[in-house]
Amino acid sequence: QVQLVQSGGGLVQAGGSLRLSCAASGRTFNMYAMGWFRQAPGKEREFVAAISWGGGSTDYTDSVKGRFTISRDNARDTVDLQMDSLKPEDTAVYHCAGATRFRGRKYSDYDYWGQGTQVTVSS
């Protein structure tokens with residue numbers, strides 16, 4: 001009922017910046033929050049950031065605070081993740097996600113998922 005389509009990502013050197021975008025379509029009226037997760041090879045999927053649609057309140061994992069910024073465009077049903085001061089440890093496949101119940105940090109808190117996009121940060 002809801003589709004999430006991602007764009008952005010790529011390869012940058014450490015200290016560089018990238019912007020990821022996630023556009024929602026379909027039955028989006030019941031979307032409560034959207035977030036970003038990432039998964040590096042051999043590691044579990046990790047929460048990165050989330051934002052509530054209504055009030056725009058945000059939540060970040062400690063490792064990205066001060067470097068990443070999540071934002072939303074309610075009119076376009078789009079959420080962005082601006083990533084600055086990128087580090088090699090940020091290298092992962094990034095997925096956007098949508099939640100219908102609440103803004104959480106767990107994989108199971110989210111109901112819809114984007115296709116994923118690779119972010120690679122070289123030393």
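Looking at heavy atoms from C-beta onward, D109 lies out of side-chain contact with F47 at the 4.5 angstrom threshold. Residues L81 and T69 are not in side-chain contact: their nearest non-hydrogen atoms beyond the backbone lie 4.5 Å or more apart. V2 is listed as a side-chain neighbour of M31, based on a closest heavy-atom distance under 4.5 Å.
Evaluation of the side chain to side chain donor-acceptor pair (under 3.5 Å) rule for Y94 yields R38 as partners, not counting sequence neighbours.
Put simply, the side chain of Y110 gets close to the backbone of G104: a donor and an acceptor are under 3.5 Å apart. For Q39 (side chain) and E44 (main-chain N/O), no donor-acceptor pair under 3.5 Å exists by modelled atom type.
Only one option out of Q82, M83, H95 pairs with L20 in a side chain to side chain contact (heavy atoms under 4.5 Å, CB included); it is M83.
Applying the 6.0 Å contact sphere to CZ of R27 captures no more than 12 heavy atoms from other residues, nucleotides or ligands. Within a 6.0 Å radius of OH in Y32, other residues, nucleotides and ligands contribute 12 heavy atoms or fewer. For K65, the NZ atom counts as densely surrounded, since its 6.0 Å shell holds more than 12 non-hydrogen atoms of other residues, nucleotides or ligands.
Donor-acceptor pairing under 3.5 Å is lacking for the side chains of D80 and S71. In this model, no donor atom of one side chain and acceptor atom of the other lie less than 3.5 Å apart for T91 and T120. Side-chain contact, S17 with D84: a donor N or O sits under 3.5 Å from an acceptor N or O. A donor-acceptor pair shorter than 3.5 Å cannot be found between the side chains of T78 and R72. Side chains of D111 and T100: a donor-acceptor N/O pair is present below 3.5 angstrom, by distance only. Using modelled atom types, one finds no donor on one side chain facing an acceptor on the other under 3.5 Å when comparing Q115 with T117.
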Test log, rule side chain to side chain contact (heavy atoms under 4.5 Å, CB included), inputs E46 and S63
CA-CA 11 Å; E46 175 191 23; S63 64; 4.1 Å; yes
Kindly determine whether K87 and V121 satisfy side chain to side chain contact (heavy atoms under 4.5 Å, CB included), including the steps that lead there.
CA-CA 6 Å; K87 304 175 180 179; V121 184; 5.5 Å; no
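The shortest heavy-atom contact between A49 and Y60 is CB-CD2, 3.6 Å. When every heavy atom of A33 is checked against every heavy atom of S52, the shortest pair comes out as CB-CA, 4.1 Å. Minimum heavy-atom separation, I70 to M34: CD1-O, 3.9 Å. Minimum heavy-atom separation, L4 to Y112: CD1-O, 3.6 Å.
Rounding to the nearest 0.5 Å places CD of Q13 at 5.0 Å from OG of S122.
With salt bridges taken as basic N to acidic carboxylate O contacts below 4.0 Å, one links D90 and R67.
Placement of V48 and V12 within a single hydrophobic cluster is found when ILVMFWY residues are connected by side-chain heavy-atom separations under 4.5 Å, directly or transitively.
Centroid-to-centroid, the aromatic rings of F37 and W113 come within less than 6.0 Å.
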